[in-house]
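These notes concern the structure reproduced below.
Counting starts at 1 for both ligands and their atoms, in listed order. Numbering starts at 1 and runs along the sequence shown.
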Amino acid sequence: MSELVLNINGISYKVIAAQEETLLSVLRNQLNLTGTKYGCGEGQCGACTVLMDGVATRSCSIPAAAAAGAKVTTIEGLAVNGRLTAVQQAFLDEGAFQCGYCTSGMIMSVTALLLDNRAPNDEQIHGAMNGNVCRCGTYPRIIEAIKRASGLTTSGGDR
Ligand code: FES
Ligand code: FES
């Protein structure tokens, strides 16, 4: 066990974690940030996606210690004062979910994509979202949400 300081959504947390404890486990079980979901646990589904220094990262597949020194953003850290980001709003507007289990990870992956590329083309969208699985099959609406968010982001300067 070792003590770590993690910067999550702009707040510093001291946690005690075993060497093999994943970032996902610390987020959900120690910090009660349960918006980040456990799906496959093997880096294959994207449900656990968070941002590490702006990069989409599978939190089930890295030890918590690997996040020390990084700025981690979870789904709980996106909205500011109740104001949704353009990506969150676009998912709502397009109804881009059914059970919602994949949604946090989808939104985090899209957020990372648009941070890197504010106007991605279809190929870039598919490439960025390739590792995010939706068991409900809402992919067409997710794609529409990404395009809507991309438009808002481009014209409105929102994130
Ligand atoms: S739970 Fe992390 S990729 Fe599936
Ligand atoms: S909305 Fe159910 S898994 Fe995507």
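When hydrogens are left out, the protein atom nearest atom 4 (Fe) of ligand 2 is Cys102 SG, 2.3 Å; that is the closest non-hydrogen contact.
Counting the atoms of ligand 1 from 1 in the order shown, those under 4.0 Å from a heavy atom of Gly41 are 1 (S), 4 (Fe). Each of the atoms 3 (S) of ligand 1 lies under 4.0 Å from some heavy atom of Gln44. Those atoms of ligand 2 with a heavy atom of Gly100 less than 4.0 angstrom away are 1 (S), 2 (Fe). Numbered from 1 in the order shown, with element, the atoms of ligand 1 that lie under 4.0 Å from a heavy atom of Gly43 read 3 (S). Counting the atoms of ligand 2 from 1 in the order shown, those under 4.0 Å from a heavy atom of Arg135 are 3 (S). Contact atoms of ligand 1 toward Cys48: 1 (S), 2 (Fe), 3 (S) (distance under 4.0 Å to a heavy atom of the residue). Atoms of ligand 1 lying under 4.0 Å from any heavy atom of Gly39, numbered from 1 in the order shown and given with element: 1 (S).
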Would Asn9 and Glu76 count as a side-chain hydrogen bond (donor to acceptor under 3.5 Å, both in side chains) if you check the C-alpha gap in whole Å, the side-chain angles of each, and the deciding distance to 0.1 Å? CA-CA 8 Å; Asn9 301 329; Glu76 291 89 348; 4.7 Å; no

Could you walk me through whether Met106 and Ile146 satisfy the side-chain contact (heavy atoms from CB on, under 4.5 Å) test, starting with their C-alpha distance in whole Å, then the side-chain angles of each, then the deciding distance to 0.1 Å, before giving a yes or no? CA-CA 10 Å; Met106 292 281 182; Ile146 295 170; over 6 Å; no

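Around atom 1 (S) of ligand 2, the closest heavy atom drawn from Met106, Lys37, Arg141, Gln98 belongs to Gln98.
Rounding to the nearest 0.5 Å places OG1 of Thr103 at 8.5 Å from CD1 of Ile75.
The distance from atom 4 (Fe) of ligand 1 to the nearest N/O/S atom of Cys45 is under 2.8 Å. Distance check for Cys134 against atom 2 (Fe) of ligand 2: none of its N/O/S atoms falls below 2.8 Å. Within the 2.8 Å limit, Cys60 places at least one N, O or S atom next to atom 2 (Fe) of ligand 1. Among the atoms of Cys136, an N, O or S atom is found under 2.8 Å from atom 2 (Fe) of ligand 2.
For the pair Glu21 and Val26, the minimum side-chain heavy-atom distance is below 4.5 Å. At a threshold of 4.5 Å between non-hydrogen side-chain atoms, the residues Lys71 and Leu51 do not count as touching. Contact of the Ser104 side chain with the Thr36 side chain is not registered, since no non-hydrogen atoms from C-beta on lie closer than 4.5 Å. In this structure, Leu6 and Val72 have side chains that are not in contact, with every pair of non-hydrogen atoms separated by 4.5 Å or more.
Both tests hold for Arg135 against Tyr101: distance to the six-membered ring centre under 6.0 Å, angle to the ring axis within 45°.
Under the 3.5 Å distance criterion, with hydrogens and angles disregarded, a donor-acceptor pair is assigned to the side chains of Arg58 and Thr49.
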